[in-house]
Amino acid sequence: MSRSNIFKSFAGFFKSSSKTGTTDKIQNIPKIAVTSKNYATEAAFEIRECSLHNLTSGPGTETTVTRDEALKYYEQMFTIRRLETVAGSLYKEKIIRGFCHLYSGQEACAVGMKAAMRPDDSAITAYRCHGWTYLFGVSPEVVLSELTGREAGCSLGKGGSMHMYAKNFYGGNGIVGAQVPLGVGIALEAKYNNKKAVCISLYGDGAANQGQIFEVYNMAKLWNIPCIFVCENNGYGMGTSAERASASIDYYKRGDYVPGIRVDGMDVLAVREATRFAIDHCDSGKGPMVMETATYRYSGHSMSDPGTSYRSRDEVQEVRQTRDPITSFREKIISKNLATAEEIKALELKIRNAVDEAGKKSKANKELPVSQLVTDVYANPKNSETIRNTTPTKPLKHTTLNRAVNL
């Protein structure tokens, strides 16, 4: 797909309409000391109007952010970007093996959604889960240790890139689209037990055509389950543009009878406000909502994909220069005097050093011994469960470590 076509497509994502039916604490990252009293404590920002489907009104087009919030969001986005850079380097060194899908370029989606979530809200996603794991409280070192298969990882090094978990975060999932029904199940539990909580169930444009997603649209609306279906539309599936894979790229309309919104996924504040709107919708008892975030991935689909056979390097560079979520947010908060360029530069340096050090430590951490391959396969083993061995007549006995994973 040509550069002009992809940008024409993304421009359409931001058309606004008011017509019905058309439209934590972060660990191990040093903080910056405030040395000046001349900062603004709060500032107002305009955000793009969302496209709407089966709704008479949507999120507002103006929001405010405090200085502390601005620095927090910037810190989180920059940490995720650096985390993925280090992960990419470790993969090229063959220290990370197997699958590895990077989130670079999409940071505003995760950070914006997490900013709107309450303590009891949950999330489940696909394989671009490193940043989400970090946002739910897992330190960069523990994330990278999991990626490198070390015992210090959040799943003891057994899960790797696609199997990371934390409290209220139900992980990355390797089966395309399979996490979406699981998210509806998580949201059903909240409704069943009268919790004021939602589950954000994320998937990409490449998974949006999976039949199971349409099945649970129906189930969620039939029972008014508080699930937010989030399609992170980064423009491409596995080597194929959204336009070549989908007869309609209006993913926010795919729910039909389920209301939907489309938001600028490169603006952390727009995503935050859209998520708040969707949470309020679910809390009101109206059931699920589909939210499409129009975003972009800088890397290939996975590490085996250079990402240049179906798009040009010029296209990627143009997005970096004109729509990068981190650069644009930096300019916004500096222009509103919420931070200075020098402060942001110092924050970036400290984050870069901290994440790079986490990468070094992850390489030095020990691997799980082979003897523990048979541990914790079953959550509640019955009658001394056995595990298949290399020979059928000599099964291995299941054991339980009785210890928490490294959160």
Side-chain angles (χ1 to χ4, degrees), residues 10 13-14 24-26 29 32 40-51 58-84 102-118 121 123 125 128-136 200 202 228 230-235 252 261-279 291-298 319-339 341 343-344 347-348 351:
F10 269 100
F13 290 171
F14 306 129
D24 323 62
K25 183 177 180 182
I26 305 306
I29 302 298
I32 293 294
T41 58
E42 187 175 79
F45 294 92
E46 290 186 357
I47 54 179
R48 292 180 184 271
E49 186 175 1
C50 290
S51 299
T61 56
E62 186 175 290
T63 188
T64 59
V65 63
T66 66
R67 168 178 155 78
D68 288 344
E69 289 172 337
L71 289 175
K72 178 183 178 181
Y73 302 158
Y74 191 82
E75 176 183 310
Q76 291 175 332
M77 288 194 292
F78 196 86
T79 300
I80 294 172
R81 178 71 58 87
R82 191 64 188 176
L83 185 65
E84 298 295 50
L102 305 182
Y103 204 63
S104 303
Q106 300 181 215
E107 297 88 354
C109 297
V111 173
M113 281 182 261
K114 187 64 173 67
M117 295 174 70
R118 293 84 51 94
D121 293 330
T125 188
R128 298 187 202 281
C129 64
H130 314 155
W132 274 99
T133 308
Y134 153 74
L135 290 176
F136 272 85
I200 294 177
L202 299 113
I228 303 172
V230 178
C231 177
E232 293 182 294
N233 182 2
N234 59 30
Y252 69 107
I261 57 176
R262 180 160 58 193
V263 61
D264 181 357
M266 304 299 265
D267 182 345
V268 65
L269 299 181
V271 175
R272 184 188 70 174
E273 295 310 302
T275 307
R276 285 175 174 172
F277 177 84
I279 289 173
M291 185 170 82
E292 176 186 349
T293 61
T295 185
Y296 196 83
R297 60 167 167 81
Y298 293 151
V319 176
R320 283 184 179 273
Q321 292 174 350
T322 61
R323 296 178 52 223
D324 184 80
I326 298 176
T327 302
S328 60
F329 191 60
R330 179 201 297 132
E331 292 172 353
K332 286 179 179 179
I333 62 179
I334 290 175
S335 68
K336 295 286 188 176
N337 198 33
L338 291 169
E343 182 180 18
I344 293 297
L347 178 60
E348 290 175 349
I351 292 171

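These values consider heavy atoms only, across backbone and side chains, with no hydrogens, waters or symmetry-generated copies. Throughout, numbering of the chain's residues begins at 1 and tracks the sequence.
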Report yes if some heavy atom in the side chain of [X] is under 4.5 Å from a heavy atom in the side chain of [Y]; otherwise report no.
X: Arg297; Y: Leu102; value: no
X: Ile80; Y: Leu135; value: yes
X: Arg128; Y: Asn234; value: yes
X: Val319; Y: Met266; value: yes
X: Thr79; Y: Gln76; value: no
X: Val268; Y: Met77; value: yes
X: Ile344; Y: Leu71; value: yes
X: Phe45; Y: Thr64; value: no

| field | Ala44 backbone acceptor or donor facing Lys336 side chain under 3.5 Å | value |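 A pair under 3.5 Å: yes.
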With rounding to the nearest 0.5 angstrom, report the [atom1] to [atom2] distance, [X] to [Y].
X: Glu232; Y: Thr295; atom1: CD; atom2: OG1; result: 7.0 Å
X: Arg262; Y: Tyr252; atom1: CZ; atom2: OH; result: 4.5 Å
X: Leu269; Y: Glu62; atom1: CG; atom2: CD; result: 11.5 Å
X: Met113; Y: Asp121; atom1: CE; atom2: CG; result: 12.5 Å
X: Lys114; Y: Trp132; atom1: NZ; atom2: CH2; result: 8.0 Å
X: Leu202; Y: Gln106; atom1: CG; atom2: CD; result: 10.0 Å

| task | Verify side-chain contact (heavy atoms from CB on, under 4.5 Å) between Thr66 and Glu69, making sure each step is shown before the conclusion. | result | CA-CA 5 Å; Thr66 66; Glu69 289 172 337; 3.1 Å; yes
Please find the pair of heavy atoms, one from [X] and one from [Y], that lie closest to each other, and give the distance.
X: Val271; Y: Gly265; value: CG2-CA, 3.8 Å
X: Leu338; Y: Arg67; value: O-NH1, 2.7 Å
X: Ser104; Y: Glu107; value: CA-OE2, 3.3 Å
X: Ile279; Y: Met117; value: CD1-CA, 4.2 Å
X: Ala70; Y: Ile333; value: CB-CG2, 3.7 Å
X: Glu84; Y: Tyr103; value: OE2-N, 2.7 Å

| said: Going by side chain to side chain donor-acceptor pair (under 3.5 Å), name the residues that satisfy it together with Glu273, two or more places apart in sequence or in a different chain. | reply: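 With sequence neighbours excluded, Glu273 shows a side chain to side chain donor-acceptor pair (under 3.5 Å) to Thr63, Arg276, given in chain and number order.
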| query | Under the side chain to side chain donor-acceptor pair (under 3.5 Å) test, which residues partner Lys332, sequence neighbours left out? | reply |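 If we apply the side chain to side chain donor-acceptor pair (under 3.5 Å) test to Lys332, skipping adjacent residues, the hits are Asp267.
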| Does the side-chain contact (heavy atoms from CB on, under 4.5 Å) test come out yes or no for Ile351 and Glu75, once each step is laid out? | CA-CA 8 Å; Ile351 292 171; Glu75 176 183 310; 3.8 Å; yes
Sequence neighbours left out, cut at 3.5 Å: what donor-acceptor pairs do the side chains of residues 324-331 make with other protein atoms?
{"from": "Asp324", "atom 1": "OD1", "to": "Arg81", "atom 2": "NH1", "distance (Å)": "3.3"}
{"from": "Asp324", "atom 1": "OD1", "to": "Arg81", "atom 2": "NH2", "distance (Å)": "3.0"}
{"from": "Asp324", "atom 1": "OD1", "to": "Tyr298", "atom 2": "OH", "distance (Å)": "2.7"}
{"from": "Asp324", "atom 1": "OD2", "to": "Ile326", "atom 2": "N", "distance (Å)": "3.0"}
{"from": "Asp324", "atom 1": "OD2", "to": "Thr327", "atom 2": "N", "distance (Å)": "2.8"}
{"from": "Asp324", "atom 1": "OD2", "to": "Thr327", "atom 2": "OG1", "distance (Å)": "3.2"}
{"from": "Ser328", "atom 1": "OG", "to": "Asp324", "atom 2": "O", "distance (Å)": "2.7"}
{"from": "Ser328", "atom 1": "OG", "to": "Pro325", "atom 2": "O", "distance (Å)": "3.4"}
{"from": "Arg330", "atom 1": "NE", "to": "Tyr74", "atom 2": "OH", "distance (Å)": "3.0"}
{"from": "Arg330", "atom 1": "NE", "to": "Glu348", "atom 2": "OE2", "distance (Å)": "3.3"}
{"from": "Arg330", "atom 1": "NH2", "to": "Tyr74", "atom 2": "OH", "distance (Å)": "3.0"}
{"from": "Arg330", "atom 1": "NH2", "to": "Glu348", "atom 2": "OE2", "distance (Å)": "2.8"}

| Within a reach of under 6.0 Å around CD of Glu46, are more than 12 heavy atoms found that belong to other residues, nucleotides or ligands? |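 No, because the 6.0 Å sphere around CD of Glu46 holds 12 heavy atoms or fewer from other groups.
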| message | Distance alone, cut at 3.5 Å: any donor-acceptor contact between the side chains of Arg272 and Tyr73? | response |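 Their side chains do contain a donor-acceptor pair, which is all the 3.5 Å distance test asks for.
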